[in-house]
Amino acid sequence: MPAGRSRVDLYSAIRRDVRAGMSNRALQRKHGVGYRTVVAALESAWPKERKPPPKRGSRLDQYRDAIDDWLRADLDAPRKQRHTAKRIFDRLLDERHATDVSYWMVREYVATRRREIRIEAGREPTNTFIPQEHLPGREAEVDFGEVAIRLRGELVTCTLFSLRLSYSGKAAHRISASAGQEAFFEGHAHAFRVLGGVPTGKIRYDNLKAAVASVIGFSRQRVEADRWTAFRSHYGIEAFYCQPGIQGAHEKGGVEGQIGWFRRNHLVPIPEVDSLAELNTLVDAWDEADDTRRIGSRARTVGEHFATEQPLLAPLPNEPFETGRWFNPRVDRYAQVSVRMNKYSVPARMAGRQARVLLNASDLVVFDGKTEIARHERLMTKGATRVDLDHYLEVLLRKPGALPGATALEQARASGSFTPVHDAWWAAACKANGDADGTRALIEVLMLHRHLPHEHVVAGLATALRAGALTADAVALEARKRNETADGEADDTTAHHPTPLMGSDTAHGEGETPAVRSLTERRLRAHIPADTRPLPSVDKYDQLLASRRDPPNEGAAP
């Protein structure tokens, strides 16, 4: 048969040529077919279905009857004394000497055949699903899913929270460092803000630990976590818990499919970000763009359906709910607090005292009373440590020798906050002033980061290094000049002649502003009025000294 031509067309052409009086042999030559094809075309205008190829045999075929007998015997056996796939495989080896089959062949066959036998015996019903109708503003589904991202160049696994309205398919997502209760609550609060309300009916959940403390038997009753009960009460959520395990996945199939769709369409290729906050900004934009898509064969978009559903949602409560978890750890001698098997640094003055810690889904905030003293991105692994070099500067002033090997210094280098310019200036300062004094000068420079932008301090370091000014005061002067220039407060000369950064190929020539300017020159450029007061004199001190050196007159009257 010619390529690209269907068998129905071929049969039609053969039957047409037969009616025109063409012979069987001529038909074969014209259409390039055999005698049997011509006969089949004359018998029926519709081609017969091709016979399926014979099923390929398996080495397990000769043992299928024995396995089925053992599985049927399990129907009346106690639940804990029924055949497993491993036990069936062992019996085949011992009793049937089935050395030509593998465990995986037996396991795959038993996984399918066991349920078929139970259905044949009437012990288990077949899975039949009933289409459901979802009213607008009434129902939603919630679930977590794992996603991989590149966070500052490192591949890490995060958690994707999804809340999907059942009627419109509108979904809100949030990516966090964990799937704990903090992420569970924060995802709800974010989703309700995006949706502008709360579903008035049921929200379907798995039996996740953030909400369910324990499952009661085979019923729908659950013992809920206390904070989850309070959270539900605050927002007026009516929870519906699905069946445990894979049996309950179909009860919230909408959000199960939504997570997979979102992962495939927005997280492929793997996104590269510097923080989870940056990633969640992208997620919000993706959620907004998804309003224009259509689900399945629906005539209207997600956004059009949501416009109908949104006014029917219950209003949000007036007061916010604290989604984070509070802890009261004691600061150890390393100026660190331990939270969820991870350690985070705090200012060294807090050592030995008790702090208040608010653990959120993706970050951690430390308070001294009501004052925030530290903030860290939440660690994603157990037994890790995150320290901030700024928290140890006061101690390092007394112990400068501890800086080169400090963990905080290595983490600052890895994060990019301690730059090669810092290292170059530090090395030059140590060479000029000695290791201890040079390191103390660097620590004083690092304290400038508390008051000045990071880039201005780095620029000041680079300028001071070019000028050979290896003191913290020189760096502070240049950094403040940079800051004033950026704020528009510097004079015209400074604004039109910026100081070059370290590594620039331009050299100071005639008429150019020097890298480090004296204070006297700065006063002159600022047009300060001349001081007309007379210069101070030391003549009276000279007279006093002269009178003490002259001996008293001899013979003088007393």
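Numbers here are sequence positions counted from 1. Below, all heavy atoms of this structure are taken into account, side chains as well, without hydrogens, waters or symmetry copies. If you're wondering where the values come from, they're calculated on a predicted model, not measured in any experiment.
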Quiz item: Would you say the side chain of Phe184 lies within less than 4.5 Å of the side chain of Tyr205, judging by non-hydrogen atoms?
Solution: yes

Practice problem: State whether the number of non-hydrogen atoms from other residues, nucleotides or ligands found under 6.0 Å of Asn328 atom CG is greater than 12. | Solution: yes

Practice problem: Check whether any side-chain N or O of Thr281 sits under 3.5 Å from a backbone N or O of Ala277 as a donor-acceptor pair, and report yes or no. | Solution: yes

Quiz item: Would a line drawn from the ring center of His234 to the ring center of His188 be shorter than 6.0 Å?
Solution: no

Practice problem: Give a yes or no on this: more than 12 heavy atoms of other residues, nucleotides or ligands lie within 6.0 Å of atom CD of Glu410. | Solution: yes

Quiz item: Hey, is the main chain of Gly369 close enough, under 3.5 Å, to the side chain of Arg356 for a donor-acceptor pair?
Solution: yes

Quiz item: What pair of heavy atoms forms the shortest contact from Ala225 to Gln181, and how long is it?
Solution: CB-NE2, 3.9 Å

Exercise. Just do the salt bridge (charged side-chain N to carboxylate O under 4.0 Å, His left out) check on Arg378 and Glu182 with the steps written out, would you?
Key: CA-CA 12 Å; Arg378 185 168 175 173; Glu182 306 83 31; 3.2 Å; yes

Quiz item: Using 4.0 Å as the upper bound for N to carboxylate O, is an ion pair formed by Asp274 and Arg150?
Solution: no

Quiz prompt | Centroid-centroid distance, Tyr109 to Trp104, less than 6.0 Å | solution = no

Quiz item: Got a second to check how far Glu278's CD is from Glu272's CD, nearest 0.5 Å?
Solution: 10.5 Å

Practice problem: Might you confirm whether atom CD of Glu116 has over 12 heavy atoms from other residues, nucleotides or ligands at distances under 6.0 Å? | Solution: yes

Practice problem: Apply side chain to side chain contact (heavy atoms under 4.5 Å, CB included) to the pair Arg174 and Glu186, showing each step before the final yes or no. | Solution: CA-CA 8 Å; Arg174 200 74 174 166; Glu186 186 176 307; 4.1 Å; yes

Quiz item: When you look at CD of Gln354, are more than 12 heavy atoms from neighbouring residues, nucleotides or ligands closer to it than 6.0 Å?
Solution: yes

Quiz item: Donor-acceptor pair, Asp143 side chain versus Glu256 backbone, under 3.5 Å?
Solution: no

Exercise. Taking the side chain as every heavy atom from C-beta outward, state whether Asn483 and Pro453 have any atom pair closer than 4.5 Å.
Key: yes

Quiz item: Is it true that the side chains of Thr157 and Glu146 contain a donor and an acceptor less than 3.5 Å apart?
Solution: no

Exercise. Is it possible for you to check whether Arg204 lies under 6.0 Å from the centre of the six-membered ring of Phe240, through NZ or CZ, and within 45° of that ring's axis?
Key: yes

Quiz prompt | CD on Glu394 to NZ on Lys399, rounded to 0.5 Å | solution = 13.5 Å

Quiz item: What's the verdict on side chain to side chain donor-acceptor pair (under 3.5 Å) for Arg222 and Asn207, showing C-alpha distance, side-chain angles and the deciding distance?
Solution: CA-CA 9 Å; Arg222 304 290 186 269; Asn207 299 279; 2.4 Å; yes

Practice problem: Measure from NZ or CZ of Arg293 to the centre of the six-membered ring of Trp261, then state whether that distance is under 6.0 Å and the direction lies within 45° of the axis. | Solution: yes

Quiz item: Taking C-beta and beyond as the side chain, do Leu389 and Leu396 meet within less than 4.5 Å on heavy atoms?
Solution: yes

Quiz item: Where the side chain of Asp388 meets the backbone of Asp390, is there a donor-acceptor pair that is under 3.5 Å apart?
Solution: yes

Self-check item: For Val458 against His422, the heavy-atom pair lying closest together
Solution: CG2-CE1, 3.7 Å

Quiz item: Are there more than 12 heavy atoms of other residues, nucleotides or ligands under 6.0 Å from atom CZ of Arg118?
Solution: yes

Exercise. Show your working on salt bridge (charged side-chain N to carboxylate O under 4.0 Å, His left out) between Lys481 and Glu478 and close with a plain yes or no.
Key: CA-CA 5 Å; Lys481 285 166 55 180; Glu478 290 301 315; 3.0 Å; yes

Quiz item: Got a donor-acceptor contact below 3.5 angstrom from the Arg164 side chain to the Ala172 backbone?
Solution: no

Quiz item: Do the ring centers of Tyr235 and Phe321 come within less than 6.0 Å of each other?
Solution: no

Practice problem: May I ask you to check whether His305 and Tyr167 place their ring centers less than 6.0 Å from one another? | Solution: yes

Quiz item: To the nearest 0.5 Å, what is the distance between OG (Ser166) and NE2 (His134)?
Solution: 5.0 Å

Quiz prompt | Distance in Å, Ser362 OG paired with Ile175 CD1, rounded so as to fall on 0.5 Å steps | solution = 9.5 Å

Quiz item: With no hydrogens and no angle check, is any side-chain donor or acceptor of Asp206 less than 3.5 Å from a backbone partner on Tyr241?
Solution: no

Practice problem: Find the distance between CG (Asp68) and CD1 (Ile117) and round it off to the nearest 0.5 Å. | Solution: 4.5 Å

Quiz prompt | Close side-chain approach of Val445 to Leu461, heavy-atom, < 4.5 Å | solution = yes

Practice problem: Return yes when atom OH of Tyr334 has more than 12 non-hydrogen atoms of other residues, nucleotides or ligands closer than 6.0 Å, and no otherwise. | Solution: no

Quiz item: Of all heavy-atom pairs between Gln258 and Ser162, which one has the smallest distance, and what is that distance?
Solution: CG-OG, 3.9 Å

Quiz item: Between Phe192 and Pro199, which heavy-atom pair has the shortest distance, and what is it?
Solution: CE2-CD, 4.0 Å

Quiz item: Do Leu442 and Leu403 have side-chain heavy atoms sitting under 4.5 Å apart?
Solution: yes

Quiz item: Which heavy-atom pair separates Ala183 from Ala361 by the least distance, and what is that distance?
Solution: CA-CB, 3.6 Å

Quiz item: Between the side chain of Gln411 and the main-chain N/O of Thr407, is any donor-acceptor distance below 3.5 Å?
Solution: no

Quiz item: Is there side-chain contact between Ile67 and Leu71, with at least one heavy-atom pair below 4.5 Å?
Solution: yes

Quiz prompt | Arg72 atom CZ, neighbour heavy-atom count above 12 within 6.0 Å | solution = yes

Practice problem: Determine whether more than 12 heavy atoms belonging to other residues, nucleotides or ligands lie under 6.0 Å from atom CZ of Arg353. | Solution: yes

Quiz item: Any side-chain heavy atom of Leu279 sitting closer than 4.5 Å to one from Pro271?
Solution: yes

Quiz item: Is a donor on one side and an acceptor on the other found under 3.5 Å between the side chain of Ser338 and the backbone of Met341?
Solution: no

Self-check item: Backbone of Ser345 reached by a side-chain donor or acceptor of His376 within 3.5 Å
Solution: yes

Quiz item: Between Asp290, Asp287, Asp284, which is the residue that forms a side chain to side chain donor-acceptor pair (under 3.5 Å) with His173?
Solution: Asp287

Practice problem: Evaluate side chain to side chain contact (heavy atoms under 4.5 Å, CB included) for Leu165 paired with Leu195, printing each intermediate quantity in order. | Solution: CA-CA 9 Å; Leu165 295 176; Leu195 300 176; 4.0 Å; yes

Quiz item: Parallel, tilted or perpendicular: which describes the rings of His83 and Trp70, with under 30° parallel and over 60° perpendicular?
Solution: parallel

Exercise. Would you confirm whether Arg300, through its side chain, and Glu304, through its main-chain N or O, come within 3.5 Å as a donor-acceptor pair?
Key: yes

Quiz item: Out of curiosity, Met350 CE to Arg330 CZ, how far, rounded to the nearest 0.5 Å?
Solution: 9.5 Å

Exercise. For the residue pair Leu358 and Leu364, establish whether any side-chain heavy-atom pair is separated by less than 4.5 Å.
Key: no

Quiz item: What are the two closest heavy atoms between Arg325 and Arg340, and how far apart are they?
Solution: NH1-NH2, 3.8 Å

Practice problem: Let me see the working for Arg152 and Glu377 under salt bridge (charged side-chain N to carboxylate O under 4.0 Å, His left out), right down to the final yes or no. | Solution: CA-CA 13 Å; Arg152 294 183 289 275; Glu377 189 176 82; 2.7 Å; yes

Practice problem: Please test Asp291 against Lys170 for side chain to side chain contact (heavy atoms under 4.5 Å, CB included), starting from the C-alpha separation and ending with a verdict. | Solution: CA-CA 7 Å; Asp291 286 350; Lys170 170 72 173 176; 2.9 Å; yes

